[in-house]
Structure formats: structure tokens, C-alpha cells
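Input: a single structure, listed below in C-alpha cells.
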Amino acid sequence: MKPEVAARRAAEAGEWARREWGQDARAVPLGELRFRYHVRGRRVDGSARNPGQPGSSSAEEIVAAPLGEANGLGELLVAAVVSALLWVLLLGVRLVWLLMRLVRRKVAQRTATVLGRTRQLGVRFADAANRQDDVWLVWTGRRMALLHVRPKWCRPLWQGEGESAPRIERRTLRWADGSRVRLPAGTLEG
């Protein structure tokens, strides 16, 4: 985002805080931030897992399936070869994934980590921020909000006050229910 656009959006977010909360607040952009979830029942990107639905089998179950279906010695040998080929393919996919992760250092610098359980406050915060571009984090000593900021308007996506607002511990937002979101270094310094 260009500096002059960022300055205008920060001013819009600050005006919203003065109008809604009656006090000045700090504002930083979260728009390009990606969230990585470590939440039971969620994938890493935050989408819900559906364990009972077709197509949700793990890679290990798919690789082992041919061996479970074999009846005779000939079928067992064919199944063992197919299973070995699938294991090699799976290993290759995991190796490519690992290499891609190592190459993407820049993406890792703009990734926030979400820790908690499905309905906890920190996970709800991340869900709200994860769905929009042009998201700004606005906070005072007792309040925090996520705003969708566009020219001439702001729309709150999430708000927390008192117990529902997190404590800021260096670069981690920590809620009273134990959930937390660890932001990339420098995010809160704006």
C-alpha cells in the first residue's frame, strides 16, 4: 500500500475510534497479513475440517487402501507395488511442499499464528481479519477493533472491550480464555 493511501486509511480508522469510543487510538494495517491456524477442527488456512465427509481421508489411509483390498498372493504383490508407488508419490509431494516453504521466507514474515479452540475469542478475531482486505487493527488501553477501512467509511469486523479485548504482550495478543494470536515482528509498531 502506498504511504499516502496508508496515511489516509489510518486517519479514517482514527476518526472512527474518536467517533465511536470518544478517544484517540493507535491503528496499524493488517491487510496483507495471512493467518495460520493451530486450532482443532480447522485446517491451517482456517477453513473447517469435515472428518465425516467423502474425500476427507488422510494420505496414509489412501496409500494403505490397496493393501487392505487384496485377496490373493498375486493381488497382494500388485497392491504392495501400488502402495509403494503411492508412498513415493506422497514423499515427493511432501518434499516439494517443504521446498516451497523454505523458499517463501517473505510470506512467513507476514504470517500470524492463531492458537486456541474453535469458539474462543482469539479464533473469532482471526476469522474476522482473515476474510477481508484493507483490515486495520485499532486499539486503546481497554478496547480493540478490527476495521474494514475504505475511502470515506469504516466498518467494524470485530470489537473487544474489557475481558473480550486481548492483552498485548510484545507481539502476541492474548485473551482471557487462553487463546492467542502471535503477529509478525513489527506489526504493532506500525
Side-chain angles (χ1 to χ4, degrees), residues 1 28-137 146 148 157-158 160 164 166-188:
M1 181 180 309
V28 294
L30 297 183
E32 296 176 4
L33 196 63
R34 296 175 56 182
F35 289 85
R36 182 176 177 86
Y37 288 72
H38 295 282
V39 177
R40 184 181 201 101
R42 299 281 190 101
R43 292 186 180 92
V44 175
D45 68 355
S47 61
R49 289 183 195 243
N50 298 321
Q53 299 210 348
S56 65
S57 300
S58 70
E60 286 78 11
E61 290 171 350
I62 292 170
V63 169
L67 292 174
E69 299 295 322
N71 290 330
L73 183 61
E75 287 182 15
L76 186 61
L77 286 173
V78 170
V81 169
V82 168
S83 186
L85 289 174
L86 287 173
W87 271 109
V88 169
L89 179 64
L90 178 63
L91 183 63
V93 168
R94 287 185 177 177
L95 183 62
V96 167
W97 176 79
L98 180 63
L99 290 173
M100 286 175 55
R101 255 187 100 192
L102 292 174
V103 171
R104 292 187 192 174
R105 292 286 184 203
K106 181 130 178 97
V107 171
Q109 293 172 352
R110 295 296 302 158
T111 302
T113 304
V114 182
L115 299 164
R117 290 188 298 274
T118 301
R119 297 188 188 271
Q120 287 186 312
L121 295 168
V123 176
R124 290 180 186 177
F125 168 90
D127 288 344
N130 209 13
R131 294 188 188 120
Q132 300 281 337
D133 291 332
D134 298 324
V135 174
W136 285 69
L137 177 64
L146 288 171
H148 183 209
L157 302 171
W158 174 90
S164 65
R167 289 187 327 268
I168 298 175
E169 298 173 355
R170 284 189 251 165
R171 62 184 206 170
T172 300
L173 304 178
R174 188 179 303 272
W175 279 263
D177 63 7
S179 59
R180 58 190 187 274
V181 174
R182 184 179 174 118
L183 299 169
T187 301
L188 295 176

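Keep in mind it's a predicted model, so treat the numbers as computed, not measured.
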Distance (rounded to the nearest 0.5 Å) between T111 OG1 and F35 CZ: 10.0 Å
When rounded to the nearest 0.5 angstrom, what is the spacing between CG in L188 and CZ in R170? 12.5 Å
Criterion side-chain contact (heavy atoms from CB on, under 4.5 Å) on V135 and L33, from CA distance to verdict: CA-CA 9 Å; V135 174; L33 196 63; over 6 Å; no
Can you give me the closest heavy-atom contact between S179 and G122, atom names plus distance? OG-N, 2.8 Å
Is a side-chain N or O of Q120 found less than 3.5 angstrom from the main chain of D177, in a donor-acceptor match? yes
Calculate, to the nearest 0.5 Å, the distance between atoms CZ and CZ belonging to R182 and R171 respectively. 3.5 Å
Show, in sequence, the C-alpha distance, side-chain angles and deciding distance for I168 and L173, and conclude whether the side-chain contact (heavy atoms from CB on, under 4.5 Å) test is met. CA-CA 5 Å; I168 298 175; L173 304 178; 3.7 Å; yes
May I have the step-by-step check of side-chain contact (heavy atoms from CB on, under 4.5 Å) for T113 and H38, ending in yes or no? CA-CA 7 Å; T113 304; H38 295 282; 3.3 Å; yes
Please enumerate all residues that pass side-chain contact (heavy atoms from CB on, under 4.5 Å) together with L85, with sequence neighbours excluded. V81
Quick one: list whatever passes side-chain contact (heavy atoms from CB on, under 4.5 Å) with R42, sequence neighbours left out. Y37, V39, T118, V123, D127
Sorted by chain and residue number, the salt bridge (Lys or Arg N to Asp or Glu O under 4.0 Å) partners of R167 (sequence neighbours excluded) come out as E169
CH2 of W158 to CG of L137: how many Å apart, nearest 0.5 Å? 8.0 Å
Can you name the closest pair of heavy atoms from S164 and L121 and give their distance? CA-CD1, 3.8 Å
Closest heavy-atom pair, S47 versus D45, reported as atoms and distance to 0.1 Å, is OG-OD1, 2.7 Å
Heavy-atom pair of closest approach, residues V114 and A126: CG2-CB, 3.5 Å
Quick one: sort the F125 and W175 rings into parallel, tilted or perpendicular, breaks at 30° and 60°. tilted
